[in-house]
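Source: prediction; values computed, not measured.
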Amino acid sequence: MGDRNFTPFQVLKTERLTLRQLISSDANEIFALRSDSNVNKYLGRKPSQSIDDAKIFIQTINENIQKNNSIYWAITFSDTDNLIGTICLFDFSDDNLKAEIGYELLPDFQGKGIMQEATSKVIDFGVHILGLNTIEAYTHSENQNSTKLLEKFNFKKHSVDGNNLILFKLTFNG
């Protein structure tokens, strides 16, 4: 059984990136991310309407981290603290062996290998630190960038639901 304790928050670093906890000063970038029509295109969520929405979102995310329900990182370049995207593990199974991964990136930073770098680090964290043996991801059938990213990490397509969401699974035989 995996251990799910996200306190203290685990900052992750890659060659170019720092994955850190969301902070209140991220509100403008969170608002930009969650209100962008290209980012929201495949997510089926109501876009953020205001900076207050973004602040409430940050507070809710951090409360979920404190409750060990999910872990959610702000993606930043290591030489700056500005949020350019987010990545998270959530919807943990009762035995803590399975979780879902989610991610989003501001359009100006897409196509530069950033999400591949962040995803690699988060998968490593999920498997080696949390003890996950399955990571799932849902992506819209038309979201080719997300599909390509998942396939690079050997996620296998499992099913498609009525909303054109494809379930991908990455399984480790630990």
message: Among residues at least two apart in sequence or on other chains, which ones pass side-chain hydrogen bond (donor to acceptor under 3.5 Å, both in side chains) with Ser78?
response: Thr18
query: Listed by chain and number, what are the side chain to side chain contact (heavy atoms under 4.5 Å, CB included) partners of Ser70, not counting sequence neighbours?
result: Asn64, Phe90
Non-hydrogen atoms of Gly131 and Leu97 that approach each other most closely: O-CD2, 3.5 Å
statement: Tracing side-chain contacts under 4.5 Å among Ile, Leu, Val, Met, Phe, Trp and Tyr outward from Ile51 reaches Phe31
query: Is the distance between the ring centroids of Phe125 and Trp73 under 6.0 Å?
result: yes
query: How would you list, by chain and number, every residue that makes a side-chain hydrogen bond (donor to acceptor under 3.5 Å, both in side chains) with Ser24, sequence neighbours excluded?
result: none
task: Report the residues that fulfil side chain to side chain contact (heavy atoms under 4.5 Å, CB included) with Ile84, sequence neighbours left out, ordered by chain and then residue number.
output: Ile75, Phe77, Leu105, Phe109, Ile114
- prompt: Hey, does the side chain of Lys121 reach the backbone of Lys13 with a donor-acceptor pair shorter than 3.5 angstrom?
  reply: yes
task: Determine, stepwise, if the pair Thr171 / Asn133 fulfils side-chain contact (heavy atoms from CB on, under 4.5 Å).
output: CA-CA 6 Å; Thr171 305; Asn133 64 21; 5.6 Å; no
message: Which heavy atom of Ala54 sits nearest to which heavy atom of Ala27, and what is that distance?
response: CB-O, 3.3 Å
Flag side-chain contact, heavy atom, 4.5 Å: Leu17 against Thr76: no
- prompt: What's the shortest heavy-atom distance between Met115 and Thr86, and which atoms?
  reply: CE-O, 3.9 Å
- prompt: Partners of Asn62 by side chain to side chain contact (heavy atoms under 4.5 Å, CB included), sequence neighbours excluded?
  reply: Gln21, Leu22, Ile58, Ile65
- prompt: Does Thr139 reach the side chain of Leu165, with side-chain heavy atoms less than 4.5 Å apart?
  reply: no
field: Contacts of Glu100 that satisfy salt bridge (Lys or Arg N to Asp or Glu O under 4.0 Å) - sequence neighbours left out
entry: none
- request: Sequence neighbours left out, what passes side chain to side chain contact (heavy atoms under 4.5 Å, CB included) with Asn164? Give chain and number order.
  value: His140, Ser141
- request: Flag the pair Lys169 / Lys156 as yes when at least one side-chain heavy-atom distance between them is below 4.5 Å, and no otherwise.
  value: no
task: Evaluate the side-chain proximity of Lys148 to Leu150: yes if any heavy-atom separation is below 4.5 Å, no if none is.
output: no
field: Closest contact, heavy atoms only, Ile101 versus Ile123
entry: CD1-CG1, 4.5 Å
message: Testing the basics here: between Phe155 and Ile135, what is the closest heavy-atom pair and its distance to 0.1 Å?
response: CE2-O, 3.3 Å
- request: Can you spot which of Leu89, Ile87, Ile61 makes a side-chain contact (heavy atoms from CB on, under 4.5 Å) with Ile71?
  value: Leu89
Salt bridge (Lys or Arg N to Asp or Glu O under 4.0 Å) partners for Glu117, two or more places apart: Arg16
field: Between Phe92 and Phe6, ring centroids under 6.0 Å
entry: yes
- request: Return the set of residues passing side-chain hydrogen bond (donor to acceptor under 3.5 Å, both in side chains) with Arg20 (not counting sequence neighbours), or none when no residue passes.
  value: Asp26, Asp81
message: Which residues pass the side-chain hydrogen bond (donor to acceptor under 3.5 Å, both in side chains) test with Lys152, not counting sequence neighbours?
response: Gln116
- prompt: Would the number of heavy atoms belonging to other residues, nucleotides or ligands and lying under 6.0 Å from CD of Glu15 be above 12?
  reply: no
field: ring-ring contact (aromatic ring centres under 6.0 Å, His included) between Tyr72 and Tyr103, worked out
entry: CA-CA 9 Å; Tyr72 194 103; Tyr103 43 79; over 10 Å; no
task: State whether the side chain of Asp53 and the backbone N or O of Gln49 hold a donor-acceptor pair below 3.5 Å, judged by distance alone.
output: yes
message: Could you work out, with salt bridge (Lys or Arg N to Asp or Glu O under 4.0 Å) as the rule, every residue matching Lys98, not counting sequence neighbours?
response: Glu136
